[in-house]
Amino acid sequence: MSEKIDKLLRLKKERNAIILAHYYQDDIIQEIADFKGDSLALAQAAKEVTNDVIVFCGVHFMAETAKILNPDKIVLLPDLNAGCSLADSAPAESFRKWVEQYPDYVVVSYINCSTDVKAMSDIICTSSNALKIINSIPEEKKILFAPDKYLGRFLIKQTGRQMVLWDGSCQVHEQFSETKLIEIINLHPNAEVIAHPECPENILDYADFIGSTTALINHTLKSDNNEFIILTEPGVIFEMRKHSPNKTFITVPNIEGCNCNNCPYMKLNTIDKIIDCLEKLEPQIILEEQLRLKALRPLEKMLEISKK
Ligand code: 13P
Ligand code: SF4
């Protein structure tokens with residue numbers, strides 16, 4: 001493997017490229033990444049990149065977001081099939097018809113959506129800033145929220161705002177088994193249960209702490225507790241272990257009984273594919289300029305509010 005890594009690093013230098021990676025990537029990719037983050041941190045970082053090439057080790061909507069925010073850069077996604085079940089749950093045409101039914105609503109879309117959906121939205125949010133974004137909308141305004149119904153329900157509960165929700169979900173976060181979770185809690189009564197808000201309500205009900213990927217990582221770092229039951233994609237454990245090598249992180253099986261809950265899309269990126277895309281400068285994210293500009297507006301609003 002070390003020869004491959006040497007080749008990758010040489011190519012990265014030759015191409016003047018930077019590697020941005022989400023915390024759900026395989027450990028080896030997290031090790032070689034120049035910058036790691038959750039969806040918000042990656043969008044913020046992508047906007048500031050000065051290198052010629054961004055290799056985006058995440059999923060398609062994240063690489064598209066990087067291209068929307070920093071269009072002069074070559075944005076590479078090592079595997080173009082790295083999609084997202086949440087983004088796929090909101091096809092552009094059905095979304096357009098839905099939005100048209102609610103003309104005076106503010107359209108808030110979770111960043112896990114296509115560029116077309118972003119272009120039809122008033123403001124974007126991620127799991128790190130969703131509460132802040134909803135609270136920035138005047139009380140008298142009615143809200144449409146897409147595509148994650150579970151994050152939407154969590155936000156309704158937290159803010160008391162009425163929202164009409166799109167019926168979408170993440171295939172990874174909606175599959176945790178409640179029965180297995182109860183068994184694990186009983187086996188580890190002192191462990192803290194920490195969950196991502198993309199999980200359904202029956203799972204979130206058991207959580208001691210709910211937050212975005214970065215918030216969950218930071219929580220394990222700051223908490224005095226030594227044991228954590230993790231209700232999100234297990235890729236996060238790499239960063240948790242790095243900061244807290246003596247703490248224990250316990251995963252929860254999904255409803256099919258597999259003790260993984262790996263995001264199949266995130267895991268499509270590999271070292272070989274990163275080398276390949278740096279060699280060929282393909283596959284690139286290409287966006288039509290008018291569409292990019294429409295999608296840029298709600299993203300910039302989000303970034304502006306996130307600064308406050
Ligand atoms: P965050 O990176 O905002 O925590 O979202 C998690 C996720 O599912 C990314 O696809
Ligand atoms: Fe999409 Fe879920 Fe995978 Fe995140 S974990 S990329 S929301 S399918």
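Residues that satisfy the salt bridge (Lys or Arg N to Asp or Glu O under 4.0 Å) test with Lys273, not counting sequence neighbours, are Asp79. With sequence neighbours left out, Glu93 forms a side-chain hydrogen bond (donor to acceptor under 3.5 Å, both in side chains) with Arg96.
Here the shortest heavy-atom pairing between Pro264 and Val172 reads CD-CG2, 4.2 Å.
Between Phe61 and Ser114, every side-chain heavy-atom pair lies at or beyond the 4.5 Å cut-off. In this structure the side chain of Asn262 reaches within 4.5 angstrom of the side chain of Pro234, judged on heavy atoms. In this structure the side chain of Asp148 never reaches within 4.5 angstrom of the side chain of Leu165, judged on heavy atoms. The shortest side-chain heavy-atom distance between Trp166 and Leu144 does not fall under the 4.5 Å cut-off. Contact annotation: the side chain of Pro283 approaches that of Cys277 to within less than 4.5 Å [non-hydrogen atoms, C-beta and beyond]. Residues Thr65 and Ile124 form no side-chain contact, since every pair of their non-hydrogen atoms from C-beta on lies 4.5 Å or further apart. Side chains of Leu216 and Thr232 form a contact here, defined as non-hydrogen atoms less than 4.5 Å apart. Residues Gln44 and Lys307 form no side-chain contact, since every pair of their non-hydrogen atoms from C-beta on lies 4.5 Å or further apart.
Environment of CZ in Arg297: sparse, with no more than 12 heavy atoms of neighbouring residues, nucleotides or ligands closer than 6.0 Å. Shown here is Lys47, whose NZ atom has no more than 12 heavy atoms of other residues, nucleotides or ligands within 6.0 Å. Surrounding NZ of Lys294 are at most 12 heavy atoms belonging to other residues, nucleotides or ligands under 6.0 Å away.
Summarising the geometry, atom CD belonging to Glu198 is positioned 14.0 Å from atom CD1 belonging to Ile203; distances are rounded to the nearest 0.5 Å. The line from CD1 of Ile134 to CD1 of Ile143 is 4.5 Å long, rounded to the nearest 0.5 Å. Asp26 CG to Ile271 CD1: the interatomic distance, rounded to the nearest 0.5 Å, is 8.5 Å. Remark: Cys199 SG to Phe154 CZ distance equals 10.5 Å, nearest 0.5 Å. Distance check: Ser2 OG to Leu9 CG gives 10.5 Å after rounding to the nearest 0.5 Å. Put simply, NE2 on His22 and CD1 on Ile29 are 13.0 Å apart, with the number rounded to the nearest 0.5 Å.
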Could you please spell out the steps behind the side chain to side chain donor-acceptor pair (under 3.5 Å) verdict for Thr214 and Asp38?
CA-CA 6 Å; Thr214 300; Asp38 65 1; 3.1 Å; yes
Please report the C-alpha distance between Thr126 and Ser39 in whole Å, then the side-chain angles of each, then the deciding distance to 0.1 Å, and finally whether the side chain to side chain donor-acceptor pair (under 3.5 Å) criterion is met.
CA-CA 6 Å; Thr126 76; Ser39 307; 6.0 Å; no
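Residue pairs that meet the salt bridge (Lys or Arg N to Asp or Glu O under 4.0 Å) test with at least one member in residues 123-145, sequence neighbours left out, are Asp104-Lys142. Sorted by first and then second residue, the salt bridge (Lys or Arg N to Asp or Glu O under 4.0 Å) pairs involving residues 63-76 (not counting sequence neighbours) form an empty list.
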Please report, to 0.1 Å, the donor-acceptor pairs under 3.5 Å made by any side chain of residues 235-246, with sequence neighbours excluded.
{"unit_1": "Glu239", "atom_1": "OE1", "unit_2": "Lys36", "atom_2": "NZ", "d": "2.4"}
{"unit_1": "Glu239", "atom_1": "OE2", "unit_2": "His243", "atom_2": "NE2", "d": "2.8"}

When the side chains of residues 49-59 are checked against the rest of the protein, which donor-acceptor pairs come out under 3.5 Å, sequence neighbours left out?
{"unit_1": "Asn51", "atom_1": "ND2", "unit_2": "Asn16", "atom_2": "OD1", "d": "3.3"}
{"unit_1": "Asp52", "atom_1": "OD2", "unit_2": "Asn16", "atom_2": "ND2", "d": "3.2"}

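His173 and Phe176 have perpendicular rings, their planes meeting at more than 60° on a 0 to 90° scale where under 30° would count as parallel.
For the salt bridge (Lys or Arg N to Asp or Glu O under 4.0 Å) with Glu279, the qualifying choice from Lys7, Lys12, Arg10 is Lys7, the only one to do so.
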